[in-house]
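Following: one structure in structure tokens, then a few remarks.
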Amino acid sequence: MKKIKKFLRFVIISCFMLAIFVYIGRFFFNMLWDFDIISLRSYAVLNSYWNEGGNFNDFKELSLLGCLILFPILWLRCSMKIYKKGFFKTLASLFSKSYRKLTRPKNMETEHVSIKNLGSKDRTLDEIISDKIKEKGGNIAQGKESTNLRHLISAKIEENEKQ
């Protein structure tokens, strides 16, 4: 019974979104391409053009074809988003995101910073390597070969950082 209710809710939301998309889409399709998405005559003209060997090579024709393909995908995507999140929450998040984008200056938009990567002091590469060895439980002074190898690796890393 619960699955039937969920399915029924999705169908109702999808029908509501389809009505909105058709209303808005019909206006834009008529304005941009003189194509009525409700009329079967427009699809018949498109079908006869394709069957007679017509090619979609102009930008206008390709954009019409792309919009016709993306129309149901966008409709179902919006329907699913509203189904999962709710109509008013989706609408509110859309307005809040656009408001933040318009009012927040570009220099305030920062990348995600992980606190654990921020150190209180600058450490050399040798100190970082020795700390890692201590964490793993290894012996720092195992011999000349490991020390030389460590110095070679640190020199190579520093050289790459300079470039």
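Reckoned from all heavy atoms, side chains included, excluding hydrogens, waters and symmetry mates. Since this is a predicted model, take the numbers as computed values, not measurements.
Partners of V45 by side chain to side chain contact (heavy atoms under 4.5 Å, CB included), not counting sequence neighbours: none found. For K97, the side chain to side chain contact (heavy atoms under 4.5 Å, CB included) partners two or more places apart in sequence, or in a different chain, are R100.
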In sequence, state the C-alpha distance, the side-chain angles, and the governing distance for K60 and L64, and then conclude on side chain to side chain contact (heavy atoms under 4.5 Å, CB included).
-> CA-CA 6 Å; K60 191 173 183 179; L64 172 66; over 6 Å; no

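Between the CZ atom of F21 and the CG atom of L76 there is a distance of 9.5 Å, given to the nearest 0.5 Å. A distance of 11.0 Å separates OG of S14 from CZ of R9, quoted to the nearest 0.5 Å. Residue F10 holds its CZ atom at 8.0 Å from OH of Y83, rounded to the nearest 0.5 Å. For the atom pair M17 CE and S79 OG, the distance stands at 5.5 Å (nearest 0.5 Å).
Environment of NZ in K84: sparse, with no more than 12 heavy atoms of neighbouring residues, nucleotides or ligands closer than 6.0 Å. More than 12 heavy atoms of other residues, nucleotides or ligands shown are found within 6.0 angstrom of OH on Y49.
Side-chain contact between I38 and V22 is present, with heavy atoms from C-beta onward closer than 4.5 Å.
Aromatic ring pairs are classed by plane angle as parallel below 30°, tilted from 30° to 60° and perpendicular above 60°; the pair W50 and F56 is parallel.
Listed by first and then second residue, the side-chain hydrogen bond (donor to acceptor under 3.5 Å, both in side chains) pairs involving residues 20-35 are R26-D36, W33-S63 (not counting sequence neighbours).
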